[in-house]
Amino acid sequence: MYARVIVDVPVVDTDRPFDYAVPAALLPFVRVGSRVSVPFGPRKLQGFVIELAEQTDVDRVKAVLDVMDIEPPLTEEMVELARKMSARYMCTQYAALQSMIPAVLRSSYEKQVSLTSAGMAFESGLMDEQAFYQHIKNRQPIAWDALIKQFPMAASWLTDGMKAGRIIVEQIVGDRVTKKTVTVIEPAVSLEQLEMAKVELPKSAARQKEVLSHFVHHYAAIDQPQLLALLRVSNQTVKALIDKGFLRREEVENYRDPFAGRTFAPVEKHPFTTQQQTVINGISEGMNPPQYYPCLIHGVTGSGKTEVYLEIMERTIEQGREAILLVPEISLTPQMVNRFKGRFGDQVAVMHSRLSQGERYDEWRKIRRGQVKVAIGARSAIFAPFRNLGLIILDEEHEGSYKQEETPRYHARTIAQYRGLYHQAVVLFGSATPSMESYHEAQRGRIHLFTMDERVNNRPMPVVNIVDMREELREGNRTMFSKSLVEAIEDRLAKQEQMVMFLNRRGFSTFVMCRSCGYVAGCPHCDISLTYHRSNRTLRCHYCGYTESEPTLCPECGSEHIRFFGTGTQKVEEELSRHFPGIRVIRMDVDTTGRKGAHEKLLQDFREGKGDVLLGTQMIAKGLDFPNVTLVGVLAADSTLNLPDFRAAERTFQLITQVGGRAGRHEKQGEVILQTYNTEHYSIQLASRHDYSTFFVEEIKQRYEKNYPPYCRLILFTFTHENVPLIVKKAEQFAGKLRQIIPSGAFLLGPVASPIARIKDRYRFQCMVKYKNDPRVLPDIYRLVRAFDDERKKTGIMLTVDVDPQMMM
DNA sequence: AGCACGCCGACT
DNA sequence: GTCGGCGTGCTC
C-alpha cells in the first residue's frame, strides 16, 4: 500500500502528492486524511495523506515514518475540499488542509540533541564546553533551540560534536497537543467477586469494606478525588484494594469543558409569528428529501431570525443530521451561545477565540467523534468535521469577518456552498442587510429568498434623525455633539434610560499633528500615521506595532503646539464627562477589552445599569440587546463613506442599520441620532428610513455602471519589496503576462501603488483583474502565479493573491 | 522552504 | 592547498 502525501513545504512547486510506502505496522492507521511524518530529502516533515494507492510510479519510494493520530483528523470530504480551495484561492493544498484543523494539531518541528557514549565520556579542555556537555547529559534529549539560547558558543560546539560522533541530533515532528487526563478508579473483577471479597475481608479492614460496598452499589469507574471525598477514605485504603487486585487505577482522557459548572436555562418556545412560520415552512421544503438548498433570510433587526434558526436546527437534528452555525466573532457572546445551549444542551460544541487552544481542540474532537450535533463558532467553524451535515447557517451573512485575511484567503460563504453541495444540505444565510452578492443571487432565483419585515410583538422601528454637522459648525458648535444629541442625552439622563454611543473608528483614529507646521507623526516603517494611545501616552502603528512616546516638541519645526487630533473613544469619553458632569460611561474598545472576560464584564455592568452610556466602536454594533436602551448616537455616520473601496456605501448602510437596531428593542420607543457631513448620501438617507430594498436598487445600479461585483469578480495581486524600481519592473512584467492570458471582456487594472504604499519597510504595489464569473480563467492565472515563485526566490519580491477580496488595501 | 552539492576567492 | 561564499536543483 502506498500513501500519497501532501508535505509541509509552503511553496507551490512542492504542492503535489509524494508517494510513500506504508509499513505493515501502520497499515490500520494510515487513511485518507491521516497526519503522518515522512522523510523528505534529508529532513523529516509532517504531511497529510490525500489518497491511498496499490501502486506507485516512483522508483525509490521511502516509507511513512509514523502516523500522528489514531483517528485521521480530516475526512475524505475535507481532503477534496482542500483541493477545491487550492484551485479557487490559489493557495497550496497544505495551507488549505492546515486551516481545517485546530491550531494545536498544526505541525511543530524541533531538533533534539542527545549524547552518544563517546559524548558521555568526552572531556573538553574548555570549562565552558565541559559545562555544555554536562548540561546536555543531565537533560537529554534537549531542544536545539534551548541550547543555542543558553550557550553563545553552542552552534560551533554542536557541529564539532556531531562531526566527532559525540552528539546526535534528531528531528522531531510533533504537535502542541497536551492531553488532559484524570485518574479514575474502577472495579477490576466481577460484581460477584467484589461481593465475595467484601465478606472475606478481615473485620479490621472496615474502610476497605466501605469502598468495596460503594463499587457493589455503583459498579462503575469513578473519578479518584471524587471517590476519596465521597467516602472520606484515604488514598492508602484504595491502594490496598488495588494491590489486592479488586480495583484498578486508570488514566482517562478528559475533555476540558469551558462551560463546566454552568447551567443553561431551557429556552422557552414562543409561538411563532406568521412570518416566522412561513419562513420555517419554506426552508423545511428543502430538507425533505435532502438536497442542496441555499436560502437567504432578509429579516429586519428584531424580526426573530434566531427562533427560525433554532427551529430549523431542531428539525435537522431530528433527521439525524448535524448543523453548523456561523456567527461573526464579535457577536459570539455568552448571551447568544446560551440560547443554543439552552435548547440543545451538551449536543453543542462552541468554538471561539476566547477559548484556550486546548479547549478548542476538545470541542473540535467532540465534533470529530460525533459526540455533538451542533457546532457554533466564527469563520473557521465552517470546517467542523461533521460527516452527515444537514444545515449550515451563516448569521449576519454580510459580515466582512467571514473572509479570512491571511492565506488561505477563503470566504466562509463560499465554503458553505461547497459543503452544502457535498452533503446535500440546507445552507441558510441570514441578515438585516444582506450583501449585494447574496441578494443579487436571490433576485436571480439562485437562492431562495425569505423576507421578515415585521418585528416580533410589532415593535415599531426606531425613529432615525439625521443631523447635519456642517450646519452645526455654521452655527458655531465646534464640539463633537450636535445640539439635538445633547438634548437627547440630557433627556435620557433625566429619565434614567440608557444610551449607546457609536464611533466608527476606521479611518478616523487619533493622530498627532503640529499646529504650527502641519507635521503629522507617521510610522517610519509604514506609510500610515501613528495612532495616539492615551492610556500609556504612546504613539503606535496599527500595522507593524512600532511604538514611540508622545512627542512634546514638533520634530520638524520645534514648536510646542503639537497635540493629538481626531476622535477616538477615549476623547469622546472625556468630552462626555465634560459636557455632562457625573455621567457614567462604559467604554469598549481594544484598550478596555484586552483581558480575557473583560468584554463580557463590561456588557454585564451596562446591563445591570452601572452605566448611562455604552461607548464603543464596531464591537458594540452587533447583536447586543439591552431593554433599557432608548437612544443610539452615531457620532460620525459617514466616516466609512470616504474610504477607497467600492463597498463603502454598502458598509455604511449596514453599519447604520446594525447600530440603529440597538435602540428600542423592548417596550420603550427607540431613537437614533445620526451625525454626518453627508446628509444627502443615499446610504445614509435610506438607512435612516430602514429601506433596504431601495438601497439595494440604487447600489446595484452603481455596481452595474461601474462594473463591480456582483457583476464581475475580482482578483487582487499585491507585490511587496524594499526596492521600488525593482518592484515596479516586476509588477509590470507580471501584469503584461496577465493581460495576455485573461479572456476578452476581462480587465486588468494597474499596477499602481497600494492605498497603504509601505508596510514594515516594504513597498506595496498592486494590480487587479476584473473578470466575468467564469472560473475557467483561474487555472491559467494560478499557473502564472506559480511561475512567479521563481522570481520570488531570485529577487525576494513577495506576491499575495486575493481572490474575491473584501478589502482593497 | 531547507538542505546538499558544487564551483570560485581569501586565508593557514 | 582548505574554508566558505551563495547560485542551482531536488525532495516520493
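Note that the structure is a prediction, hence the values are computed from the model and not measured. In what follows, chains carry the letters A, B, and so on, assigned in the order in which the sequence lines appear, proteins first and then strands, with residues in each chain numbered from 1.
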**Item:** Spacing between Asp19(A) atom CG and dC12(C) atom C1', to the nearest angstrom
**Value:** 6 Å

**Request:** Evaluate the ring planes of Phe132(A) and Trp157(A), with Trp represented by its six-membered ring, and classify them as parallel (under 30°), tilted (30 to 60°) or perpendicular (over 60°).
**Result:** tilted

**Request:** Would you please classify the geometry between the Phe646(A) ring and the Tyr708(A) ring as parallel, tilted or perpendicular, with 30° and 60° separating the classes?
**Result:** parallel

**Prompt:** Looking at DNA chain B, which of residues 85-98 of chain A put a heavy atom within less than 4.0 Å of it?
**Reply:** none

**Message:** Considering every strand and a 4.0 Å limit on heavy-atom distances, what is the contact class for Arg4(A): base, sugar-phosphate, or nothing?
**Reply:** nothing

**N/O (side chain, Arg43(A)) to phosphate O (OP1/OP2, dG2(B)) under 4.0 Å** = yes

**Prompt:** Quick one: is the NZ or CZ of Arg365(A) closer than 6.0 Å to the six-membered ring centre of Tyr361(A), and within 45° of its axis?
**Reply:** yes

**Asked** Which whole-number value in Å describes the distance from Leu45(A) CG to dG2(B) C1'?
**Response** 9 Å

**Request:** Check Pro751(A), Pro805(A), Pro755(A) against Gln766(A) for a side-chain contact (heavy atoms from CB on, under 4.5 Å) and give me the one that passes.
**Result:** Pro755(A)

**Message:** Need one value for Lys794(A): base, sugar-phosphate or nothing, where a base atom within 4.0 Å counts as base even if backbone is also close, heavy atoms only.
**Reply:** nothing

**Message:** Rounded to whole Å, how long is the line connecting atom CZ of Phe40(A) with atom C1' of dG9(C)?
**Reply:** 12 Å

**Prompt:** Yes or no on ring pair (Phe, Tyr, Trp, His ring centres under 6.0 Å) for His411(A) and Tyr89(A), after CA distance, side-chain angles and deciding distance?
**Reply:** CA-CA 9 Å; His411(A) 200 297; Tyr89(A) 293 109; 8.7 Å; no

**Message:** Rounding to an integer number of Å, can you tell me how far Leu65(A) CG sits from dC12(C) P?
**Reply:** 11 Å

**Complete:** Whole-Å distance, Arg16(A) CZ to dA1(B) P, equals 16 Å

**Request:** Using a heavy-atom cut-off of under 4.0 Å over every strand shown, decide if Val58(A) touches base, sugar-phosphate, or nothing.
**Result:** base

**Prompt:** Could you state the CG-C1' distance from Asp15(A) to dA1(B), rounded to the nearest angstrom?
**Reply:** 13 Å

**Message:** What's Pro39(A) touching, base or sugar-phosphate or nothing? Going by heavy atoms closer than 4.0 Å.
**Reply:** sugar-phosphate

**Prompt:** Atom CG of Asp59(A) to atom P of dT11(C): distance rounded to whole Å?
**Reply:** 11 Å

**Message:** Could you tell me how far apart Phe48(A) (CZ) and dC12(C) (P) are, to the nearest whole angstrom?
**Reply:** 19 Å

**Asked** Does anything in residues 74-83 of chain A pair up under side chain to side chain donor-acceptor pair (under 3.5 Å), and if so which pairs, sequence neighbours excluded?
**Response** Glu77(A)-Arg419(A), Glu77(A)-His423(A)

**Prompt:** Would you call the rings of Phe788(A) and Phe734(A) parallel, tilted or perpendicular, where under 30° means parallel and over 60° means perpendicular?
**Reply:** perpendicular

